[in-house]
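Small disclaimer: the values here were computed from a predicted structure and weren't measured.
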Amino acid sequence: MFSNILIYFVVIPVLMLAGLALCRNIKQIRAVAVTGSLALTALSVYLLVDYLALRQVDPTSPMLYVQAWDWFKPLHIQLAVGVDGISVAMLILSSIILLTGSFASWKIDPMPKEFFLWLILLSTGVFGFFISIDLFTMFMFYEVALIPMYLLIGVWGSGNKNYSAMKLTLMLMGGSAFLMLGLIGIYYHSAANPADLTWNILTIAENSSIDKNWQYFLFPMTFVGFGVLGAMFPFHTWSPDGHASAPTAVSMLHAGVLMKLGGYGCFRVAIYLMPQAANDLAWIFLILTGISVVYGAFSACVQTDLKYINAYSSVSHCGLVLFAILMLNTTAMTGAIMQMLSHGLMTALFFALIGMIYGRTHTRDITKMGGLMKIMPFLAVCYVIAGFASLGLPGLSGFVAEMTIFVGSFEHADMFHRVFTIVACCSIVITAVYILRVVGKLLLGPVYDEHHLTLTDAEWWERTATVTLIISVAAIGCFPNFFADLIRWTFSPEIFTVIGMN
């Protein structure tokens, strides 16, 4: 088992949990968290290099590093792993955000050991989800990633944290119920012979065994199940409250990685396994995701709390991910994955900076702040860069991701798709409005609170986290072909033929 490199993405977090349990002081806790996160980041970079080399040799296989071990034979459950370009990209994203989140939580209080234990458990679920190709195992890791959120927000959060934690948990568990029923339905229609039933995604896709009529029933259940986590309208209301109450590192992982499980699952399960239903029913969910894109952006414009602004911005940007996936063509879907990477990095940067600013000013209300560029120039400049990435400035990740999405979406010649593409494009203008408004009120102009004049700028661990994220955002913006080519290898020509993609 341990000869497969993918297993170590679960083994390392488990070892981190064991190490944290033995820690006796904050220095040991920090050492375990940072060392383990660095190991995961190094492992993901090594996987990327090795994956690209193997792809040159084997450009046709849907996934690489595929291996399976029987877990529960009566129900054909396996511990099956494998990755493609999307999975590799998500593993890199997850490791970077876990690393920077560890630095952002350098002074977490109270109970730092318990905080990091739950944070690493959440990360274990995330990494396991992205390497799994068995639907049951994927769902198990999905739940492992969701459950710690209740305690992380309820114990270490701020504001109306108990309400936010309960609301988030109930809504995501409701989505999980839909998802579980959909996955069971896929399993029982994965083969005509009961002895050949399987949870394996590759086998189900290869056999194309799910009847079209059953696809119409199972596709909405799985898409909505994952779409709830992707903040799809009207199931998005848990997201702003959850983000606003979560501690900094949890907000970073929540928006940067956890919400990406939704988009990844919609593509990997709903569309990949039920392409005919996806082709026929996509228009329904395009309407809902189009609303998410515009509604999220407009809602961000009227907020005064920094976290709520970024939370509604995440609703808009994650809605754009699902919107592009539903366009069902190579260009738009490539843009969707690039948007997942871009949004994951820039929203993690936003939440890290908001946490650092709040830790100094003890307020997130932009009407009570001003002139921070004079007081904490490093953090202010980083916030401006994050804002430019969010509004799509060329040279940063947001531009290449959104342009790829809109170009791919406009490839459809019919009026319906083009109208909704134009509507989604309007979000760019709205995003510029609320980003520039926040920058103007928060960073420029006079200092409204004289107590802020005594505040200090970023410490070294805060600089490490923010600079790492900024470099990552700039790397995608400056070298988009590298990431686009990595992602394009994912799309199976056979699946594209079935659903009419090109």
Side-chain angles (χ1 to χ4, degrees), residues 89-90 92-101 103-104 230-231 239-240 243 246 248-260 263 293 296-297 300 306-321 324 335-357 378-405 427-428 430-439 442-443 462-480 483:
M90 292 299 103
I92 294 173
L93 172 67
S94 303
S95 61
I96 291 174
I97 294 181
L98 178 60
L99 175 63
T100 53
F103 281 109
S239 179
H243 286 319
T248 299
V250 177
S251 292
M252 292 170 67
L253 275 167
H254 186 187
V257 178
L258 203 62
M259 293 178 73
K260 306 305 172 286
V293 173
L306 282 173
K307 274 201 170 184
Y308 271 104
I309 293 171
N310 199 37
Y312 278 108
S313 174
S314 292
V315 171
S316 178
H317 284 100
C318 288
L320 200 57
V321 170
I337 308 305
M338 294 185 72
Q339 175 72 355
M340 288 168 69
L341 286 172
S342 172
H343 175 259
L345 293 167
M346 69 186 184
T347 200
L349 177 59
F350 264 129
F351 277 120
L353 292 167
I354 291 169
M356 294 168 193
I357 292 171
F378 179 85
L379 292 178
V381 169
C382 290
Y383 198 97
V384 171
I385 294 172
F388 285 163
S390 182
L391 60 81
L393 184 74
L396 298 173
S397 59
F399 175 77
V400 294
E402 291 178 1
M403 280 300 298
T404 308
I405 288 173
S427 66
I428 300 175
I430 307 169
T431 301
V433 170
Y434 66 76
I435 290 295
L436 296 177
R437 166 177 168 261
V438 170
V439 168
L442 182 69
L443 307 179
E462 296 170 320
R463 293 173 186 263
T464 301
T466 52
V467 169
T468 301
L469 290 168
I470 288 172
I471 291 173
S472 302
V473 167
I476 297 175
C478 294
F479 305 100
F483 296 94

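Distance check, rounded to the nearest 0.5 Å: OG1 of T466 to CD1 of I385 gives 9.0 Å. If you take CZ on R437 and CD1 on I309, they are separated by 5.5 Å, rounding to the nearest 0.5 Å.
Residues that satisfy the salt bridge (charged side-chain N to carboxylate O under 4.0 Å, His left out) test with E402, not counting sequence neighbours, are absent from this structure. With sequence neighbours left out, Y383 forms a ring-ring contact (aromatic ring centres under 6.0 Å, His included) with F350. By the side chain to side chain contact (heavy atoms under 4.5 Å, CB included) test, S94 pairs with V126, F127, F130, V257, sequence neighbours left out. Scored by the side chain to side chain donor-acceptor pair (under 3.5 Å) test, S239 finds H243 as partners (sequence neighbours excluded).
In this structure the side chain of L341 reaches within 4.5 angstrom of the side chain of M90, judged on heavy atoms.
What you find for L320 and I405 is that their closest heavy atoms are CG-CD1, 3.9 Å. The nearest pair of heavy atoms linking A380 to L443 is O-CD1, 3.5 Å.
Without hydrogens or angle criteria, T404 side chain to V400 main chain gives a donor-acceptor distance under 3.5 Å.
Screening residues 340-357 for side-chain hydrogen bond (donor to acceptor under 3.5 Å, both in side chains) gives K260-H343, N310-T347, S314-H343, S314-T347, S342-S397 as the qualifying pairs, with residues at least two apart or on separate chains.
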Donor-acceptor contacts, no H, no angles, side chain residues 468-480, under 3.5 Å, sequence neighbours left out:
residue: T468; atom: OG1; partner: T464; partner atom: O; Å: 2.7
residue: S472; atom: OG; partner: T468; partner atom: O; Å: 2.9

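Within a 6.0 Å sphere centred on CZ of F103, other residues, nucleotides and ligands contribute more than 12 heavy atoms.
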